2 protein chains.
Amino acid sequence: MSANPASNANSTAPESGVPASAPAVPPSPTFSPLYQQIKGLITQSLESGEWKPGEIIPSEVELAARYKVSQGTVRKAIDELAADNLLVRRQGKGTFVATHNEERAQFRFLRLLADDGAEHPHVSKLLECRRLRASAEIARQLDLKPSDPVVLIRRLLQFDGESTVLDEIWLPGGVFRGLTSERLADYKGPLYAMFEAEFGTRMIRATEKIRAVAAEPTVADLLKVPAGFPLLSVERVSYTYGDRPVEVRRGWYVTTGYYYQNDLS
Amino acid sequence: MSANPASNANSTAPESGVPASAPAVPPSPTFSPLYQQIKGLITQSLESGEWKPGEIIPSEVELAARYKVSQGTVRKAIDELAADNLLVRRQGKGTFVATHNEERAQFRFLRLLADDGAEHPHVSKLLECRRLRASAEIARQLDLKPSDPVVLIRRLLQFDGESTVLDEIWLPGGVFRGLTSERLADYKGPLYAMFEAEFGTRMIRATEKIRAVAAEPTVADLLKVPAGFPLLSVERVSYTYGDRPVEVRRGWYVTTGYYYQNDLS
DNA sequence: CAGTGGTCTAGACCACTAC
DNA sequence: TAGTGGTCTAGACCACTGT
């Protein structure tokens, strides 16, 4: 590879024990393994859109040639990216950029199952989508300046015709310029699939704070439960490449007949 | 290694392209990579208690010699076991059997944080510990026969002096023979640490079903909240080696001032 | 059949820890 | 200095997928 700060200029002759002539760089105090650097380079290509969600990326041998490292090193980099859900390996076919359109990817971000353990389909009802200025709290969480433009989406998810989830979603206005009710209503499939396809912003990971709360009247109304009814409150912050926060989401879940599934492993 | 069903009897002479004399076994229809088999053997040693929680296991070179495979193959097996939280690698020192006494292991199974994001210490108040016969439902979840003996533990967790979590824990009576209130009261540290040290049963993973519920009078009383108060209901099933269920737990969490932290990654 | 990812090996060297 | 895990390489071969 081109930029190589670490101590890898040696071992070009595996059969001879002679060290390379000029070590040049001493054991760097900030040591970073080669495969981590490769991982960074691949991530850059993903972020820049060189390879788009769903597309195939170059084969391991090709990448090894491009970065001037062994296939094993590229392999380890891809291994980690696959473990991070950025790439998907398919034996015999190739390695692909992960997308929120896959079956399994859906579950990762909405872990609601029916009491019998089955995964039910749901439909989304858009309540509103409007642009406004960020409150201090939202600005802090999205790493924006207060009163920067944001988009607010409110929607209702119905499982088997029953209103089960109420979501309030805040997005940075700059990134999601051009997001309107019409485009939201027209789009089929998961919200995150639209975000990655239409706005080049892919959600990588998220953290959630979960609480039990009593339904306030306005929320209760929309979810068709009495005021004071126990609801699951889910506060999510989602991050994209570089661990930059790009979504704040507050959800209220009715958990009668459904539960939030979590695996500790 | 000794028992090798797969097609690995070749490539003993890497520099010559000649295949080994007797392929013996055709490409097995149920192909299992060598490192997976090694992983199984190491898991057996863990389960049998050959290496106990907290102890060091043999070095990679020793294990490679024992199983008659290359260090790289042992390495890949250990990599996965470390990813599964069964082993812990420490560079320069060795590889150790994971234990529930470590700081980071605690969090995995009780993800309750204060509103400011800090992790607060808690104390456990034992309410009761008695032996009884399994209900049909508990028996099913623990893979026992109805009316098999089980142990029921009820306890209260207090954060900063406030009653925050009420737990009901069912354990198979056979495995936890000799578990009494006295031993529970005497033991310092996490429950799971005691289980692995005193009963040789280590919790590997768990699944949780989370709901919001209204506090019933008896529960509300113990948690010092009004009846009907919204509580987080957490139903957990924990598994040990071989994915055998060994604990059913029902918890009620007061989530005012605290939240359940979950990471989607 | 060629091309892809997946496994396995052998060996050199590096970084970290303890004695 | 010796021993541990961690990185990197090169090469052979296997399993899977499409043409």
Side-chain angles (χ1 to χ4, degrees), chain A residues 1 4-20 23 25-39 56-65 67-82 87-96, chain B residues 1 4-20 23 25-39 56-65 67-82 87-96:
Chain A
M1 59 178 295
N4 182 358
S7 46
N8 310 94
N10 44 13
S11 80
T12 46
E15 72 282 20
S16 85
V18 221
V25 185
S28 182
T30 59
F31 170 70
S32 168
L34 242 191
Y35 75 86
Q36 289 284 6
Q37 304 173 37
I38 305 296
K39 195 178 164 185
I56 192 172
I57 73 168
S59 74
E60 295 180 354
V61 268
E62 281 179 273
L63 289 174
Y67 300 131
K68 303 255 180 48
V69 298
S70 81
Q71 185 182 352
T73 300
V74 169
R75 191 163 182 72
K76 180 139 188 178
I78 293 181
D79 275 345
E80 294 208 350
L81 290 168
L87 296 176
V88 176
R89 321 188 76 135
R90 291 200 230 281
Q91 181 174 101
K93 297 203 226 170
T95 302
F96 299 78
Chain B
M1 59 178 296
N4 184 358
S7 46
N8 311 94
N10 44 12
S11 80
T12 46
E15 71 282 23
S16 86
V18 221
V25 186
S28 183
T30 59
F31 170 69
S32 167
L34 242 192
Y35 75 86
Q36 288 284 7
Q37 304 174 37
I38 304 296
K39 194 178 164 186
I56 193 172
I57 73 168
S59 74
E60 295 181 355
V61 262
E62 282 180 272
L63 290 174
Y67 300 130
K68 302 254 180 48
V69 298
S70 81
Q71 184 182 352
T73 300
V74 170
R75 190 163 183 71
K76 179 138 188 178
I78 294 182
D79 275 346
E80 293 208 349
L81 291 168
L87 296 176
V88 177
R89 293 174 165 288
R90 290 199 230 283
Q91 180 173 98
K93 296 203 230 174
T95 302
F96 299 78

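Please read these numbers as outputs of a predicted model, since none were measured by experiment. Letters go in sequence order (proteins before strands), and every chain restarts at 1.
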How many Å lie between CG on A/D79 and P on C/dT4, as a whole number?
-> 17 Å
Hey, is the main chain of B/K39 close enough, under 3.5 Å, to the side chain of B/E80 for a donor-acceptor pair?
-> no
Rounding to a whole Å, what distance do you find between A/I56:CD1 and C/dT4:P?
-> 8 Å
Does B/T73 have a side-chain nitrogen or oxygen under 4.0 Å from the phosphate oxygens OP1 or OP2 of C/dT7?
-> no
Using whole Å, report how far CD of A/E60 lies from P of C/dG5.
-> 5 Å
Whole angstrom value for the distance that separates C1' of C/dA15 from OH of A/Y35 = 13 Å
Separation of A/F96 atom CZ from D/dG18 atom P, in whole Å?
-> 9 Å
Atom pair distance, as rounded to whole Å: OH in B/Y67 and P in C/dT7 = 19 Å
Roughly how many Å is it from CZ in B/R75 to C1' in C/dG11, rounded to a whole number?
-> 14 Å
Please state whether the phosphate of C/dT4, meaning OP1 or OP2, lies under 4.0 angstrom from any side-chain nitrogen or oxygen of A/R90.
-> no
B/F96 six-ring centre to B/R90 NZ/CZ under 6.0 Å and within 45° of normal | yes
Within this structure, what is the CD-to-C1' distance between A/Q71 and D/dA10, rounded to whole angstrom?
-> 10 Å
Taking the side chain as every heavy atom from C-beta outward, state whether A/Q36 and A/K76 have any pair of such atoms under 4.5 Å apart.
-> no
Closest of D/dT4, C/dT9, D/dG5 to the B/E62 side chain is D/dT4
A/S70 vs D/dA10: side-chain N/O to OP1/OP2 distance below 4.0 Å | no
Flag the pair A/I78 / A/L63 as yes when at least one side-chain heavy-atom distance between them is below 4.5 Å, and no otherwise.
-> yes
D/dG3 phosphate, OP1 or OP2, under 4.0 Å from B/S59 side-chain N/O = no
Considering only side-chain heavy atoms of A/Q91, which listed nucleotide, D/dT9, D/dA15, D/dG5, is closest?
-> D/dA15
Would you say D/dC16 has OP1 or OP2 under 4.0 Å from some side-chain N or O of A/K93?
-> no
Can you check whether B/Q71 reaches B/E62 side chain to side chain, under 4.5 Å on heavy atoms?
-> no
